[in-house]
Amino acid sequence: MIDFESAPSSSGSGASGPPRAKPLARQWDAETVEAFLKGLNAKQREAAEATDGPLIVLAGAGSGKTKMLTSRIAYLISGKNVPAHQILAVTFTNKAAAEMRERVEKSLNIAAGSFQAPPVWHGGPWIGAPEIGTFHSVCMRLIRREMDRTGFTKPFVIYDDADQLSLIKGSFEKISLDDKAVNPKSIQGAINRLKCDAVEPQDLEPSSHNLFEKHLKRVYEQYQKDLFANNALDFGEIITLAYRILRDHEDVREKYQKRWQYLHVDEYQDTNRAQYLLLSQLAGKRTGGHQNICVVGDEDQSIYKWRGADIRNILDFEQDYPGARVVKLEQNYRSTQTIIKAASHVIANNQQRKDKTLWTDNEEGAKLVRAQLADERAEAEMVVGEIKRIASEDERAFKEFSIFYRTNAQSRQFEDVLRREKIPYQIVGGLRFYDRKEIKDVLAYLKVILNPTDSINLKRIINVPARGIGKTTLDKLETLHHSESDSLLGSSYWDVLKSVAHDTSGKTVSAGTSKKLLGFVQLIERLVVEQPKLMLSELYHLILDETGYARELRIEGTEEALARIENLEEFDNLLKEFEEDQFVSGASWSEEERAARKAALLPVFIEQSSLVSEGDKADPHASTVKLMTLHSSKGLEFPVVFLVGMEEGLFPSVRPWEETPDEDIEEERRLCYVGITRAREKLVMSHVVLRRFWGNTTYQDPSRFFAEIPDELIEFRDYSTSSRSPQFRANVARDYGFGAANAPGVPKPSGVHLDHSFSQESSSGIFGGGASVVGRKIRHPEYGRGTVIATDGSGDQQKITIDFKGSFGQRKFLLRYVASFFE
DNA sequence: TTTAGCTCAATTTTT
DNA sequence: TTGAGCTAAA
């Protein structure tokens, strides 16, 4: 391993060393340096120049924080003569990282791509480039550099959520835990939450009467072993492993504290506990860090609590880093005054926030619109109608419009109408390209070729396409595998598979079956041999040919199969593009260098594919209307925004059977704030009277967030009486036994429409007589076992507090909804 | 071994 | 309503 502390700061790379990005040997005169800072406002400039010591920048929506960050990095390099490689900047998305990299390069006026890590990376530094990447990519690089501290040896795979769930189900079997006793998905959720909090299995102390927690600890322990045995990491583990390396090895920690002298963290409000601890290892006082840490965030845009983001990280920064400088960026350059005022009024209802007031010099702009529609069909018609109208009246391109919804399920209505009207649209987010079945299948082949120890991907493809290896055979293999690993031989699933395939005695499986297995084993072995000789796309074609994957789909011939073939072709393009990227400007490379690059194609591609999201590629310039969830909208902006489904229960989202804590409502409110502040000029918010959910129909109240916007900023348009669809009428008639003529004025059942059988059963009141339920045990389908520790309210509104111990803690429920869960 | 029908569950998803 | 995952029949 190359010691990068003593590496020369000029490009004195050894004869056979890796190619390096060109060092920034340029001299910067004061005038040029000043030019970097000139475009900033006073606050932005203050933040950019406060380079030493802890700094927190509270950056409101649209306040130019990326501009500030990139100028700051450019200033560090040019004005402060900080070697570029001593600068680290972490973001959450690849897109944000790419943008930052690009903009720093641009302001330093150096060729785009100079900051790209060399594709073939041998563990040394690339002098002259700041390290800009996502938490996950930065941690992966660290882990790879320090691989000898981890026990991992081979190229590892990164398991996504689906892979993780499969592995967890396997862990259940290994410890003979019935997946009906606890739901593997809730265990998965709990494990991931624990990882976000950097809690390891040995830290858990399950109380003796809490079954869920006991199971959790056992599964978590086994799961960690299984991950290791598969040479696999999950997303949470990438962060926690990097953290543990730094925490447990002083020399490594010191090395990185020296290496990265200036830390930058974007979207700090979304960091979780593990990420927080990781940063403390690099910068913290207690760990001997330099404390040159600049975090940028907006507590009002923290919308990932449910994924472990800990809002305290941003709220408590000043305590964590005493003497921290605080700079607020409050001027918004994006939206009209009306939009900013509305957003500020909404967010002012939150308790958990810092004192920060967004303002703008922009013009007042049009009033917001609140539109009430009869049902979701009418809502979609209205939105698309408005898009057409505004597009022609204001001469706007379709790319200037966007539709935000709370849940993905809402997109369908809009898609239907957009398609009918032949308006080009694009769904941002949604199902990732890499999550499609056929892509996961071919990726699984690639991953297995790289790392046959990876049992999850091996099992995925062992009978895909169908080659006559059925459940019975798989069960036998599984049993063998378990007993083998018990005997500490440490054989992988792949080893077991090979030995069974070569066993023609007919003892374990029939001769016919072992022949089929052998066919598969030889296929993989052939591919493993061919891999280093081939370009990635050639290998891919070989896989498709040898397995007959595409052939099968072509024979199937259904529309779905054809779509899959298209995706496989798209994947081919992607591979070719990737190859070209890896070989740009490679004319002068030696044969060895070329061979090394070729061999590295597969591992580099695999890792990259595991760490990218669809959103990274969504083309903002394509002239299409963009549809996305509110979560995906963060960081984007559009001239015209439609915020749909603004109804109680849907947005803010509420689970009717459970009391919603204020914190959750606050998070929904932040989501609303994010949505509103995406709009530059026009914002239309809509809600419907009647909405169909999973087959049944409910009356919807308008979202409480409307009430938080002052009347003078918003115009109300009621389309619900004129736009009633036949479906609407039919539903009202069916559900309420009267014609639609009465409907709009009808006394609305408040809140959510209840399922009659359910509410009747519970109101008959097994516990209605006032008998205390405190101390009773309950088994909740989602949270497992718990004990009632308190009640309040009475009658229909009686609530109980249940302590689930473990990671779910105490939760409040309406008694009538959980009455049937008592043991 | 495959597949047709059944049950069950169902926010948000940067990596 | 939709989809995934599982059991019972071909």
Side-chain angles (χ1 to χ4, degrees), chain A residues 90-97 133-140 158-162 164-166 169 179-180 183-186 189 192 195-196 233-239 266-267 269-272 274-275 301-309 376 404-413 428-432 434-435 437 463 466-474 512-513 516 607-616 618 628-636 645 649-658 660 664 667-668 670-672 674-675 691-697 781-782:
Chain A
V90 281
T91 62
F92 278 85
T93 65
N94 293 299
K95 196 176 160 192
T134 62
F135 267 103
H136 292 267
S137 66
V138 168
C139 287
M140 276 307 289
I158 297 167
Y159 279 170
D160 66 16
D161 286 355
Q164 185 188 34
L165 188 60
S166 308
K169 284 180 180 163
D179 60 11
K180 274 164 208 109
N183 177 218
K185 271 196 180 151
S186 27
N192 285 336
K195 289 196 174 191
C196 287
L233 297 170
D234 59 39
F235 288 131
E237 196 64 21
I238 293 175
I239 308 294
D266 195 14
E267 308 281 17
Q269 76 281 354
D270 287 333
T271 50
N272 61 33
Q275 287 157 341
Q301 293 188 65
S302 162
I303 55 175
Y304 284 103
K305 183 185 156 213
W306 51 278
R307 284 191 70 160
E376 63 263 42
F404 301 158
Y405 34 78
R406 180 64 237 267
T407 68
N408 281 125
Q410 288 166 259
S411 73
R412 253 198 56 199
Q413 301 287 337
V428 179
L431 189 62
R432 280 167 76 239
Y434 288 106
D435 283 340
K437 185 186 175 301
N463 197 34
R467 44 176 78 86
I469 302 171
K471 190 165 185 307
T472 334
T473 313
L474 292 178
T513 308
K516 286 175 191 162
E607 180 176 321
Q608 200 177 297
S609 69
S610 305
L611 295 177
V612 298
S613 73
E614 186 77 343
D616 294 336
M628 66 191 84
T629 62
L630 280 156
H631 283 90
S632 318
S633 78
K634 198 173 76 171
L636 305 177
L650 182 58
F651 188 41
S653 169
V654 162
R655 284 177 299 248
W657 58 88
E658 194 180 348
T660 311
D664 289 7
E667 175 131 332
E668 296 283 315
R670 291 192 291 268
L671 202 48
C672 183
V674 166
R691 184 175 290 275
R692 282 175 287 274
F693 278 113
W694 310 324
N696 50 31
T697 314
E782 195 175 341

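Chain A is the first sequence line, chain B the second, and so forth, proteins listed ahead of strands; every chain is numbered from 1.
Rounded to a whole Å, the CD1 atom of I303(A) is 9 Å from the C1' atom of dT14(B). Rounded to whole Å, atom P of dT1(B) lies 11 Å from atom NZ of K471(A). Rounding to whole angstrom units, CG of residue L630(A) and C1' of dT13(B) are separated by 13 Å. Counting to the nearest Å, the P atom of dT13(B) and the OH atom of Y159(A) are 25 Å from each other. The separation between E667(A) atom CD and dT11(B) atom P is 16 Å, rounded to whole Å. Between R692(A) atom CZ and dT1(C) atom P there is a gap of 10 Å when expressed in whole angstrom units. What separates CG of N94(A) from P of dT15(B) is a distance of 5 Å, to the nearest Å. Note: OH (Y434(A)) to C1' (dT14(B)) measures 16 Å, nearest angstrom.
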*Can you check side-chain contact (heavy atoms from CB on, under 4.5 Å) on T473(A) and K516(A), steps first, answer last?*
CA-CA 11 Å; T473(A) 313; K516(A) 286 175 191 162; over 6 Å; no
*For side-chain contact (heavy atoms from CB on, under 4.5 Å), just list the numbers for Y304(A) and N272(A), CA-CA rounded to whole Å, side-chain angles, deciding distance to a tenth of an Å, and then say yes or no.*
CA-CA 9 Å; Y304(A) 284 103; N272(A) 61 33; over 6 Å; no
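Distance from the side chain of S632(A) is smallest to dT13(B) among dT1(B), dT13(B), dT14(B). The T473(A) side chain lies nearest to dT1(B) when the options are dT11(B), dT15(B), dT1(B). If you check dT13(B), dT1(B), dT11(B) against the side chain of T472(A), the one that comes closest is dT1(B). With dT15(B), dT13(B), dT2(B) as the candidates, the nucleotide lying closest to the side chain of N463(A) is dT2(B). Picking from dT2(B), dT13(B), dT11(B) the nucleotide with the shortest atom distance to the side chain of A466(A) gives dT2(B).
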Give me the distances for all protein-to-nucleotides 2-4 of chain C N/O pairs that come in under 3.5 Å?
unit_1: dT2(C); atom_1: OP1; unit_2: R412(A); atom_2: NH1; d: 3.3

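L474(A) CG to N463(A) CG: the interatomic distance, rounded to the nearest 0.5 Å, is 7.0 Å. A distance of 5.5 Å separates CG in L636(A) from CE in M628(A), rounded to the nearest 0.5 Å. Between the CD atom of Q410(A) and the CZ atom of R691(A) there is a distance of 5.0 Å, given to the nearest 0.5 Å. Note that OG1 of T407(A) and CG of L630(A) are 10.0 Å apart. Values are rounded to the nearest 0.5 Å.
Distances shown here put a side-chain N or O of T629(A) below 4.0 Å from the OP1 or OP2 atom of dT13(B). Within the structure, a side-chain polar atom (N or O) of N408(A) is placed less than 4.0 Å from OP1 or OP2 of dT13(B).
Mapped onto DNA chain B by nearest heavy atom, V654(A) and G468(A) fall at different nucleotides, with G468(A) at the one closer to the 5' end. Place F235(A) and I469(A) on DNA chain B by their nearest nucleotides, and I469(A) ends up nearer the 5' end.
Pairing each heavy atom of H631(A) with each of W306(A), the nearest pair is NE2-NE1, 3.3 Å.
At the heavy-atom level, T407(A) lies under 4.0 Å from the strands shown only through sugar-phosphate atoms. Contact annotation for F693(A): no contact, since no heavy-atom pair falls under 4.0 Å across all strands. Among the atoms of the strands shown, base atoms are found under 4.0 Å from some heavy atom of E668(A).
Between F235(A) and H136(A), the ring planes are perpendicular. Angles over 60° get that label, and only those under 30° would be called parallel.
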